[in-house]
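Within every chain, numbering begins at 1; the chains are lettered A, B, ... in the order of the sequence lines, protein sequences first and strands thereafter.
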Protein chains: 2
Amino acid sequence: MRLPLIRKLEKFTRLSQADKEMLVRIAAQRVRRFAAREDIIHEGEKPEFINLINEGWACRYKTLEDGRRQIIAFFLPGDLCDLNVFILKEMDHSIGAITPVAVSEISRAAFDEMMIGHPRITQALWWESLVAAAIQREWTVNLGQRDALERMAHLLCELFIRLEAAGCTSDSSCEFPLTQTELGETLGMSTVHVNRTLQELRASNLIVLKDRTLTIPNLQALQDVALFNPNYLHLDREGRHLDANEE
Amino acid sequence: MRLPLIRKLEKFTRLSQADKEMLVRIAAQRVRRFAAREDIIHEGEKPEFINLINEGWACRYKTLEDGRRQIIAFFLPGDLCDLNVFILKEMDHSIGAITPVAVSEISRAAFDEMMIGHPRITQALWWESLVAAAIQREWTVNLGQRDALERMAHLLCELFIRLEAAGCTSDSSCEFPLTQTELGETLGMSTVHVNRTLQELRASNLIVLKDRTLTIPNLQALQDVALFNPNYLHLDREGRHLDANEE
DNA sequence: ACGACGACCTTACCTATGTTAATGTCGGAC
DNA sequence: GTCCGACATTAACATAGGTAAGGTCGTCGT
């Protein structure tokens, strides 16, 4: 069994056996499980750990005073929530489980230990956090410039490619647990319009979405309607400048 | 003369004299100036430096294939662009000057040196980068959930408070160099609607905006229409847990 | 077996915002 | 002083997407 985190980080750099063992060890200590819809951490609380999602989907979200909710990010298997958070006094948003999830809590001490002894991991984790920031920026573009159809298509492309990097797809399909309400809260549109938009994508044979399973028969076609450019995911390892000796 | 960066970082923690001298020194070496509208770095280029804005306003932006442009972030005096960027192979977006700007380029070596010798600065810079990420998240909420009026009001509140932290306001006024086109590209709305929205804010006496100067007679009132909660800026130093001995 | 519920889907209608395009204002270049 | 370009403003009209309401289906608890 491969840890999704390891699988993902290897998209960026090669890890030594010792690096991998370190990650496995870190992921094994302090594992917590949450039911679907349960909060992992809530706005206002003091963050004490870095959370690593091992199984399941979670999301970052924020609620306005009047109840409107925006999903700000999705955490898929292998994703980390906020390197360095412990610097902040309190959470300005919440993190909630979408499906049942298994989360590893990484303490500040464990993190520091890893930073010192494993420069490769450290660099890979910074890469992962830069990519997370790039994704957040792309969401800004998505919400600001793309219309409903493009927006939905873009989200589906992104999630599919990220799931692929974590080893959670098979062929052109993946599990897809989001409800239409959640899609609406993500894309800033009503559930009615989410429904219309999904119908439209289905009618154009761009997606098959049924029984919590998403199939994308032609990813390039979907990327084209989304004006999707995968460069922001920084997944291409070739040509990267590395500090260190390859094994 | 105070460096806006120092002024801002002191919202988070106290810096020693040596820390401040270090920052002044870093900011002084390799200063570049750009004219309004000029690109500081362009999508596709390899990032070699961390840019620090000393004077003027800049923005991060991204352009879709069909020409639509989204402004993703503003950089105000004292703002840093992306700690750690040199890890990435190429920029996935551009950074452009809005007004004429003065930028300090910080090399990887200078950054590493600072990280080693000045833990206080290091921690403060991580704080600043976490705040930048929080701002990006709030923009997601803004674009996803707020309507045009709320959205505009929210942006104005944020910019004003950030300028205040950098020491660039006087009383309830600040310079405000953005054109209506740029506001539209930021908030995902047409210039016509930007204009309507500004008129509405003026009519309610929530803002005075004229000759590139913004005045907010009653910040609380503007915050109220924006559903603005400043917690995401993490500006309250009280009660912060610090590693180290205060001077 | 029954009711309650949550997800999904649909229709009809309405409104916030976009589009187009004309007009106004101001400051700088010559 | 006038010409020009950048920006702001306004009006008339078009539309993407929101709101409200209701229906179907499958599942779960009792």
Discussion item. Check this for me: does any side-chain nitrogen of one of B/Lys8 and B/Glu164 sit under 4.0 Å from a carboxylate oxygen of the other?
Written reply: no
Worksheet item: Which whole-number value in Å describes the distance from B/Gln180 CD to D/dA8 P?
Response: 4 Å
Worksheet item: Can you check the A/Ile98 CD1 to C/dA7 C1' distance for me, whole Å?
Response: 15 Å
Item to complete: Measure up the B/Phe228 and B/His154 rings against each other and bin them: parallel (under 30°), tilted (30 to 60°), perpendicular (over 60°).
Response: tilted
Worksheet entry | For B/Ser104, all residues meeting side-chain contact (heavy atoms from CB on, under 4.5 Å), sequence neighbours excluded | B/Ala27, B/Val31, B/Leu52, B/Asn54
Worksheet entry | Interatomic distance where CD belongs to A/Glu200 and C1' belongs to D/dA16 [whole Å] | 11 Å
Discussion item. What is the distance, to the nearest angstrom, from the CG atom on A/Asp211 to the C1' atom on C/dC8?
Written reply: 12 Å
I'd like a table of atom pairs between the protein and nucleotides 26-29 of chain D - only N or O on both sides, under 3.5 Å - with the distance next to each one.
none

Worksheet item: Does a nitrogen or oxygen in the side chain of A/Gln199 sit under 4.0 Å from OP1 or OP2 of C/dC8?
Response: no
Practice prompt. Could you tell me the separation between the CD atom of B/Gln145 and the C1' atom of D/dG18, rounded to a whole number of Å?
Written response: 13 Å
Item to complete: Could you tell me whether the phosphate oxygens of C/dC8, OP1 or OP2, come under 4.0 Å of any side-chain nitrogen or oxygen in A/Arg212?
Response: yes
Worksheet item: Hey, is A/Glu138 close enough to B/Lys62 for a salt bridge, meaning N to O under 4.0 Å?
Response: yes
Worksheet item: If the sugar-phosphate is the primed atoms plus P, OP1 and OP2 and the base is the rest, what is the B/S/- string for nucleotides 13-30 of chain C, using protein heavy atoms under 4.0 Å?
Response: ----SBBBB---------
Worksheet item: Taking the side chain of B/Thr179 as its heavy atoms from C-beta onward, which of D/dA8, C/dC9, C/dA7 lies nearest to it?
Response: D/dA8
Discussion item. Distance check needed: D/dG17 P versus A/Glu185 CD, whole Å only.
Written reply: 18 Å
Worksheet item: Are B/Asp39 and B/Tyr61 close enough that some pair of their side-chain heavy atoms sits under 4.5 Å apart?
Response: yes
Item to complete: Provide, to the nearest angstrom, the distance between the CG atom belonging to B/Leu178 and the C1' atom belonging to D/dA6.
Response: 15 Å
Worksheet item: Quick one: A/Leu183 CG to D/dG17 P, roughly how many Å, whole number?
Response: 15 Å
Item to complete: Scan A/Asp236, A/Asn231, A/Leu235 and name whichever one has a side chain to side chain contact (heavy atoms under 4.5 Å, CB included) with A/Leu233.
Response: A/Leu235
Worksheet item: Can we say A/Asp82 and A/Arg60 salt-bridge, meaning some charged N sits less than 4.0 Å from an Asp/Glu carboxylate O?
Response: yes
Worksheet item: Going by atom types alone, do A/Trp139 and A/Glu158 pair a side-chain donor with an acceptor below 3.5 Å?
Response: yes
Worksheet entry | Salt-bridge present (B/Glu105, B/Arg32; N to O < 4.0 Å) | yes
Worksheet item: Counting only side-chain N and O atoms of B/Asn195, is one of them less than 4.0 Å from OP1 or OP2 of D/dA8?
Response: no
